[in-house]
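Contents: one structure, followed by commentary.
Quick note: numbers below take in every heavy atom, side chains included, and nothing from hydrogens, waters or symmetry partners.
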Amino acid sequence: MSNSKKTYHIKIELNLWYDRNFAIEADNEDEAEAIARQVAKDQTQHLIYVDLPSEDSGDWTYGDQDYTTIYVEKE
């Protein structure tokens, strides 16, 4: 009986989620959301296009960054 192993190429996607609440003064919800999104992008700019090093067979390659608004509420 022969035990010939095959090579398989598998891509794993890693999703890391961060969230943060903002208190923004604005004239309306749309403006408040736009300001908060811009602040969020400014604060996370250093994460864009950063690959994560790995000690074995290759680094984790940056793929995407997405900003999702969960809610906008007037105080």
(request) Determine whether Gln43 and Arg20 make a side-chain contact, defined as any pair of heavy atoms from C-beta on separated by less than 4.5 Å. (result) yes
(message) Rounded at 0.5 Å granularity, tell me how far CD1 in Ile24 sits from CD in Glu33.
(response) 11.0 Å
(request) List the atom of Lys74, the atom of Glu29, and the distance in Å for their closest heavy-atom pair. (result) N-OE2, 4.3 Å
(request) Please report the closest heavy-atom contact between Ala32 and Ala26, naming both atoms and the distance. (result) N-CB, 3.5 Å
(request) Decide yes or no for Tyr71 and Asn21: does some side-chain heavy atom of the first lie under 4.5 Å from some side-chain heavy atom of the second? (result) yes
(message) Quick one about Asp66 and Thr68 (side-chain donor to acceptor, distance below 3.5 Å, no hydrogens or angles considered), yes or no?
(response) yes
(message) Hydrophobic clusters here meaning ILVMFWY residues chained together by side-chain heavy-atom distances under 4.5 Å, can you tell me if Ile12 and Leu16 are in one?
(response) yes
(message) Measuring only between side-chain heavy atoms, which start at C-beta, is Leu52 closer than 4.5 Å to Leu14?
(response) yes
(message) Has Gln38 got a side-chain atom pairing as donor or acceptor with Ala34's backbone, closer than 3.5 angstrom?
(response) no
(message) Please check: side-chain N/O of Asp59 versus main-chain N/O of Ser54, any donor-acceptor pairing under 3.5 Å?
(response) yes
(request) Assess the side chains of Tyr67 and Thr44: does a donor N or O sit below 3.5 Å from an acceptor N or O? (result) yes
(request) Consider only side-chain heavy atoms of I, L, V, M, F, W and Y, link residues closer than 4.5 Å, and tell whether Phe22 and Ile35 are in one cluster. (result) yes
(message) Side chains of Gln45 and Leu47, heavy atoms from C-beta outward: is any pair under 4.5 Å?
(response) no
(request) Check whether any side-chain heavy atom of Tyr62 lies under 4.5 Å from a side-chain heavy atom of Val50, and answer yes or no. (result) no
